[in-house]
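Okay, so here's the structure we're looking at.
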Amino acid sequence: MEYNSQQIEKKWQNFWKENRSFEPSEDFSKEKKYILSMFPFPSGRLHMGHVRNYSISDAFARYYRQQNFNVLHPIGFDSFGMPAENAAIKNGSHPKGWTYDNIDYMKNEFYSLGFSFSRERELATSDELYTKFEQGFIIDMFNKGLLYREKGLLNWCPNDQTVLANEQVVDGCCWRCDTPIVKKDMNQYYFKITKYADELIDDLKKLEDGWPKQVLTMQDNWIGKSNGLEFDLFFDDNSLSILDNKFKSFDVFTTRPDTIYGVSYTALAPEHDIVTYMIENKLLSDEVISRIKVMKNASNIDRQKEKEGIDLGIRVKHPLLNKTVPVWIANFVLMDYGSGAVMAVPAHDERDFDFAKKYDLEINAVINPKEGEHDFTASAYTERGVLFNSGEFDGMDSKKSQYNIIKYFEDNKIGKKTTNYKLKDWGVSRQRYWGAPIPFVHCDKCGLVMEKKENLPIALPEDIEITGEGNPLEKHPTWKHCSCPECGGDAVRETDTMDTFVESSWYFLRFCADASNWENEAFSKEQLKYWMGVDHYVGGIEHAVLHLLYARFFTKVFRDLGYLDFDEPFDRLLTQGMVLKDGAKMSKSKGNTVDPDAIIEKYGADTARLFILFAAPPTQELEWNDSAVEGAYKFIKRFYDRSSNITATDAIPNIEHGSLSKEEKFARKKVYEALARSNDVFNERYTFNTMIAGVMEAMNALNVQSNTDVWTEGYWILSSIMEPVIPHVASEISEKYFNLNNFAPQNIIDEVFVEDSVTMAVSINGKARTEIEVAVDADKDSIIAQAKEAGAKWIDGKEIIKEIVVPKKLVNLVVKG
RNA sequence: GCGAUCGUGGUGGAACGGUAGACACGCUACCUUGAGGGGGUAGUGCCUUACGGGUGUGAGAGUUCAAAUCUCUCCGAUCGCACCA
């Protein structure tokens, strides 16, 4: 029979559906594996990145099912979000209709690729049932003080007309539409993720064995913990009177207390309270005020170009020296890090140095290199060294003096040791329609009030008009009017919706719950205890600091709310590389996409999966190559065709190894090598390309012999190994010849690796020269003797000073002369 | 600037300190079919006149009996962060 991918694949996809083949068992006494790929946004169609992502997780899921694990391999859709609304604006579609149509289409694509997802646990985060529990969690978090509402300077995308979290601002632009963001002062809801900053950093250690180092580093940098000294700088008398005695001092933070004696000026952010006061009370000239305004309005990118400063004409006292230093505004001082004010040490900080040079400010050196000299007029010396001009700390090593200086400040109660983080609280409200409503009510009498849990979900109204201007919920005639859950009086609903990253922060927990009880509870503690953590989480590295940080945060919050008992959600993370074509990421705008549907139609899903897993290890980028796809197709065809060499059996054939020919023995050895490699790949290395190469080698070896039992045994094992990769054709072969009995753990037979003789390399001085054939039980002396004979032409007339034998591998003779 | 990852044939990539280039793509020759395509056999790092020999994993040094692999310096690429005090 000719290989017909369409027919075979359709057949098995129906079989799996009808037999509920991939539903997890509720028998919690079995060993489990939770295999998860990051769920997709329902953008419309699958792309090759999706195919790669789910081919990897599906291989894991199918492998562990064969190994008799209870496997949870669910799929869902991250279905709230702006593209649905943007499509609505563009095409006049309804976000809900657009979203669910896309989900239906993409689900079909998934199943036409043969992915072994649990169909019963499919979900979309825009389902009201999902919103219901999410809103419940939000209320719990508010009660715990982990959600709060506050006015603040926010990242605003003028194009998407919404606020963005810091994590969603890339190079000063919106992560979605690339529009430069502006700062906007408005009310916003925040998750108190900073409360967990220390734990989020510390627990990265627990992930060291299972997560890529790069992701751990990115999270570590993002949280950005730094230790240092915080202290107040007090104004001198003249400055106090300029400021009408409204401010006595301001607070600064430094990670370099060892440079404290070198402070020669201080700088405030243009947004600092003191600056605002001076502007409001006309303590600065109109010209200066307008310069400050320009500084504040500059985009982040402009602000980085050139250092700008303004002397405020006020001075503070140096904390340790009997002198005063000027207070400036500097555009490089950030209001949202530390206290928005810095002490400046131009001799030992590059920024301070550039600034001091530009405005001709004092440069006071206080640290010398341990060796050599530094020209302090040319550049800042930012390394550690030895202190001078530093009072009682002279001669001390910088590292040591940091500790001592902090101690001095603390003993004299003029400052204290502090930790600062780059991580900010997570702003979660979005001024958009297609998201989960934030379940709060504004009441004139009671203020900000939570909805009652029994009223959940607060669902979105469907009769809305989407124009692209403002938030449609705001303009809906009735939706936002409600009665206050506390006093029953007239009240108004919050019209902000949640950041879609809230949904993806707990979906992996929802999947743990048996769908038959989804109506009643989000999940049970018992279910989470059994299924979590996720054994293999597969997804793109682009979520290294967004989703993966938020999901870790939610897990810790849920733990503290008593919903679960673990600290980290994802035991092992596999970040797959991008799919490229012509050296660039596949994208519609570049016109270099390959449509998965077209590949499935032409070659079949098995070919697509085989190519994608064979062309590169999963973590590396993968270059699309049409002729290599063709090659994958040919392999499958051969694999299918050559199954005609085997005979049907319900059990693996018994073969008397000793009576086989050399070729037959070799074929068996390659088959079992492939099996060993497969186990290694799934458990340790995840390099599916090498596993597939092993199977190809075994096929090549089988092909040069004609023993039916060896062929049959070979196919019993190879089709088992390949089922996770090419499940349709593997199932077809297995059903026809083995009654599907070979999809089970396979024993490695040691005797196939036992040989009478073994080829060993002979190297002289580490350089490979020749080979010898030795008996496996040969002793060291006879091996060396044989090696000397074989290598005679390289050792003649020379003295052998060392002989090394690596059993079954090589002999190295070290000669002199 | 800081950090992470990585540099191996024409290409994708193997080699978990022990015979570098497995497996595949491409290419060449031949056979089969004989439009194309498909199938098969052999070859394919580079240099060298074959046998043989030499050389070779970005460059250089080191550790080791033995280095693509470990260490250091430099060069280059990719990604991430970036005026974070």
Side-chain angles (χ1 to χ4, degrees), chain A residues 170-171 212-222 224-226 228-230 252-256 259 266-267 269 300 303-307 330-334 336-345 348-352 354-355 382 420-423 541-542 544-545 575 577-578 580 610-611 614-617 619-632 634-635 637-638 641 680 684-685 687 689-700 759-771 793 800-815:
Chain A
V170 179
D171 290 335
K213 202 169 175 182
Q214 188 184 181
V215 176
L216 297 174
T217 312
M218 281 167 75
Q219 292 217 353
D220 192 32
N221 290 343
W222 187 265
K225 182 175 182 170
S226 52
L229 169 69
E230 184 184 298
V252 294
F253 171 74
T254 180
T255 54
R256 293 294 303 274
T259 65
T266 67
N300 283 358
R303 232 167 122 161
Q304 284 179 31
K305 277 183 190 153
E306 167 90 40
K307 290 191 172 44
N331 65 345
F332 64 86
V333 180
L334 307 173
D336 53 10
Y337 184 77
S339 58
V342 298
M343 65 174 220
V345 189
H348 303 291
D349 181 284
E350 278 169 30
R351 291 156 305 171
D352 297 346
D354 293 344
F355 194 84
T382 58
N420 257 306
Y421 301 90
K422 285 199 250 178
L423 182 72
I541 195 153
E542 65 271 19
V545 285
T575 49
M578 286 191 300
L580 310 178
L610 178 64
F611 165 74
F614 181 56
T619 54
Q620 278 182 38
E621 287 178 342
L622 180 147
E623 174 72 27
W624 188 265
N625 179 330
D626 287 323
S627 51
V629 174
E630 193 86 37
K634 284 183 200 165
F635 173 79
K637 203 163 138 17
R638 268 200 306 276
D641 291 343
D680 187 37
E684 305 283 341
R685 291 157 63 90
T687 49
N689 54 328
T690 62
M691 176 184 94
I692 295 164
V695 171
M696 289 175 171
E697 284 177 52
M699 278 296 288
N700 292 343
T759 306
M760 292 178 74
V762 177
S763 57
I764 316 292
N765 289 344
K767 179 174 279 298
R769 288 298 181 183
T770 185
E771 287 177 351
K793 75 186 260 200
I800 296 177
I801 53 176
K802 199 160 186 177
E803 298 153 342
I804 289 120
V805 176
V806 183
K808 293 181 183 173
K809 288 248 166 82
L810 61 69
V811 180
N812 188 23
L813 302 173
V814 185
V815 299

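Per chain, numbering begins at 1; letters A, B, ... match sequence-line order.
Counting distance only, with no hydrogens placed and no angle test, the side-chain atoms of A:E771 and the base atoms of B:U19 include a donor-acceptor pair under 3.5 Å. Side-chain atoms of A:N812 come within donor-acceptor range of the base of B:C65, with a qualifying N/O pair under 3.5 Å.
Residue A:V814 is in sugar-phosphate contact alone, with no base atom involved, counting any heavy-atom pair closer than 4.0 Å across all strands shown. Within 4.0 Å (heavy atoms only), A:V252 reaches no atom of the nucleic acid at all. Residue contacts shown for A:E621 are limited to sugar-phosphate atoms, with no base heavy atom under 4.0 Å away. Using a 4.0 Å heavy-atom cutoff across all strands shown, A:F614 reaches at least one base atom of the nucleic acid. Counting non-hydrogen atoms under 4.0 angstrom, A:N700 reaches the backbone sugars and phosphates but no base. Contact annotation for A:S226: backbone-only contact, meaning every heavy-atom pair under 4.0 Å involves sugar-phosphate atoms and none involves a base. No contact: A:P212 has no heavy atom under 4.0 Å from any strand. Using a 4.0 Å heavy-atom cutoff across all strands shown, A:D680 reaches at least one base atom of the nucleic acid. The residue A:K422 sits close to a base: some heavy atom pair falls under 4.0 Å. Among the protein residues, A:R769 comes within range of the sugar-phosphate backbone only, with heavy atoms under 4.0 Å from sugar or phosphate atoms but none that close to a base. As judged by a 4.0 angstrom heavy-atom cut-off over every strand, A:E306 is placed among the base-contacting residues. A:K225 comes within 4.0 angstrom of no nucleic acid atom, judged by non-hydrogen atoms across all strands. A:K634 comes within contact range of the sugar-phosphate backbone alone, with a heavy-atom separation under 4.0 Å but no base atom that close.
Spacing of P atoms, B:C65 relative to B:U5, comes out at 30 Å, to the nearest Å. Going from the C1' atom of B:G43 to that of B:G10 covers 16 Å, rounded to whole Å. Annotation: B:A22 and B:G9 have their P atoms spaced 13 Å apart (nearest Å). Of the C1' atoms belonging to B:G54 and B:G58, the separation is 22 Å, rounded to the nearest Å. With C1' as the reference atom, B:A68 and B:C16 are 13 Å apart, rounded to whole Å. Distance check on atom P: B:G53 versus B:U8 gives 29 Å, rounded to whole Å. With P as the reference atom, B:G21 and B:C74 are 33 Å apart, rounded to whole Å. Using atom C1' as the reference point in both B:C47 and B:G56, the two lie 10 Å apart (nearest Å).
Picking from B:A4, B:C84, B:G13 the nucleotide with the shortest atom distance to the side chain of A:Y337 gives B:C84.
At a cut-off of 3.5 Å, with distance as the only test, no side-chain donor of A:S226 or A:N420 sits close to an acceptor on the other residue.
A cation-pi geometry, defined here as NZ or CZ lying under 6.0 Å from the six-membered ring centre and within 45° of its normal, holds between A:K307 and A:F332.
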